[in-house]
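Below is one structure; the comments refer to it alone.
Below, chains carry the letters A, B, ... as their sequence lines are ordered, and counting in each starts from 1. Note: hydrogens, waters and symmetry copies are ignored here, and every other heavy atom, side chains too, is used.
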Amino acid sequence: MSEVEEPRTMTMPATIKNVLQRTRPVADLQVQGWVRTRRDSKDFSFIELNDGSSLKNLQVIAKSTLPEYSEVLRLMTGASIRVHGDLVASQGKGQAWELVADRIEVIGQSDDSYPLQKKGHTPEFLREIAHLRPRSNLFGAVFRVRSKLAFAIHRFFQERGFVYVHTPVITGSDCEGAGELFRVSTTTSAKNPQNDDAPAEFFGRPTFLSVSGQLEAEAFACAFSKVYTFGPTFRAENSNTSRHASEFWMIEPEMAFCDLACNMDLAEELVKYLVRRTREECAEDLELFARFVDKELLTRLDFVLARPFHRITYSEAIELLSASAENFSFPVKYGLNLQSEHERWLTEKHFKSPVTIFNYPREIKPFYMRANDDGKTVAAMDLLVPGIGEIVGGSQREERLEVLRQNMRQHQMNEAEYKWYLDLRRYGTVPHSGFGLGFERMLMFVTGVPNIRDVIPFARTPGNAEF
RNA sequence: UCCAGCGUAGCUCAGUGGUAGAGCGGUCGGCUGUUAACCGAUUGGUCGUAGGUUCGAAUCCUACCGCUGGAGCCA
């Protein structure tokens, strides 16, 4: 097995992850990081050093003969140091390698008010110190996985010939009219609407933070055939749950010449791909989650990889729920939305796996979804996963100009504002489909972390925009 | 927004009408190739905020604030 070498420069010493992967002793290594803990022995100290490159710490041996040993004895948890020394086989149990220091440089001292201890902290407490929590084991793991997952998403689409499109964050349309929007205005017009220097509307019209890039993605899909967006999304809904945030990231593929079945295929393939990649590339971090967050995590992820997803129509879902012996607190009836308890029963009790439900009643879905020939349903689909609920929502889009215009009239929408959207149906219209995947919900699914606030670096939720 | 629960030391919690507590952390000392080390000592509080009841309130009541869980909506 060959040794893993990283490119090294003066300013970028080896990462601790790399150092721990060495297969033989190395002289003259330099590492830098933050002190997790220090234990003093008779003639030397142990320092656990972490630089975020991996869950594991590097054990540093600081002998009392070091000129700077008095400084070492004052090192507090949280301090930053640079260490030069030799990597040798560890005499103790618990680690293969340790770094015997010949020079320790204290870069930034810490003090006893540093809130992170080496012992357990609740996620709720760590949330209050969002600027320091990435230095904890749990959140270090969460945000390493977040990075890997984001990259895996790009990889999935790029490997399949999708074009990455940046849809606008500031939008002029309130889209499907679903959900509350944040208004965008200048500070001057907000403070003083009468200020002559500032136009009442900077953009000459009301503007909002985007709740979805879908409509714009459709335009690009009708040029590039297969596109995807991946960026921040904003919802001003006053919802306070473990699954909602005011600012979150969403992935929205959009495909021309693709019907609902093709759409569902892609959604299921994507979810499986992301699970597989995380399983392969984040094994160490996932084991931490399996130990401390969700004991069933690895079993469930492997199950998702091994088994086909179930796929049923909305009508079939209603029949299954009606026939079940379960005592639901909300009614099960054709024409009503499925409640959380219904989704949970389907994924967690009945199928015990992800389920895609499709062909929903027209009345409970937005204007752009394609009408099916039965006259009652639209080509919509939701992918539900155990523990989270809806993770993907999508549809085949209505590509027939007259049907779309009729839908807009029924939804009392101003056709003039959507002229550009209707143009897509006037000039070379094609059947096309797409969906939205909630990035944080996917991250919750692969990590087992039950609160969305704990998979976002600095979460924005109603009443909370600190940091 | 609705329902429920919780706010006591830096952290996790006990205390449910009568002197404010424990473990962990921090500090000091001891011991030790240690691993969430160990042993001894010590430090540490406007009991979320404001009112009220009472001889007396962390404890009972009211309002507010914050947090958590669930629901709705959604991703």
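For a distance-only test at 3.5 Å, the side chain of A/E237 fails to qualify as a donor-acceptor partner of the base of B/U1. With hydrogens and angles ignored, no donor-acceptor pair closer than 3.5 Å exists between the side chain of A/Q117 and the base of B/U12.
Remark: the separation of the P atoms in B/U27 and B/C13 is 24 Å, to the nearest Å. Remark: the separation of the C1' atoms in B/A57 and B/G52 is 11 Å, to the nearest Å. A gap of 11 Å separates the C1' atoms of B/A58 and B/G45, to the nearest Å. The separation of B/C3 from B/G72, taken at their P atoms, amounts to 16 Å, rounded to a whole angstrom. Taking atom P in both B/G51 and B/G15, one finds a spacing of 28 Å when rounded to whole Å. To the nearest whole angstrom, the two P atoms, one in B/G70 and one in B/C28, are 44 Å apart. Spacing of C1' atoms, B/U68 relative to B/U53, comes out at 30 Å, to the nearest Å. Rounded to whole Å, the separation between the C1' atoms of B/G17 and B/C64 comes to 25 Å.
Taken from CE in A/M442 to CD1 in A/I391, the straight-line distance is 5.0 Å, to the nearest 0.5 Å.
Distances shown here put every side-chain N or O of A/R38 at or beyond 4.0 Å from the OP1 or OP2 atom of B/U34. Phosphate proximity of B/U27 to A/R74: absent, as no side-chain N or O sits under 4.0 Å from OP1 or OP2.
In this structure, A/Y334 has its ring center under 6.0 Å from that of A/Y314.
A cation-pi arrangement is found for A/R160 relative to A/Y273, the charged atom lying closer than 6.0 Å to the ring centre and inside a 45° cone about the ring normal. No cation-pi contact links A/K295 to A/F289, judged by a cut-off of 6.0 Å to the six-membered ring centre and 45° from its axis.
Comparing A/R453 and A/D382 by the nucleotide of RNA chain B whose heavy atom lies nearest to each, the residue mapping closer to the 5' end is A/R453.
Within 4.0 Å (heavy atoms only), A/M76 reaches sugar-phosphate atoms of the nucleic acid but no base atom.
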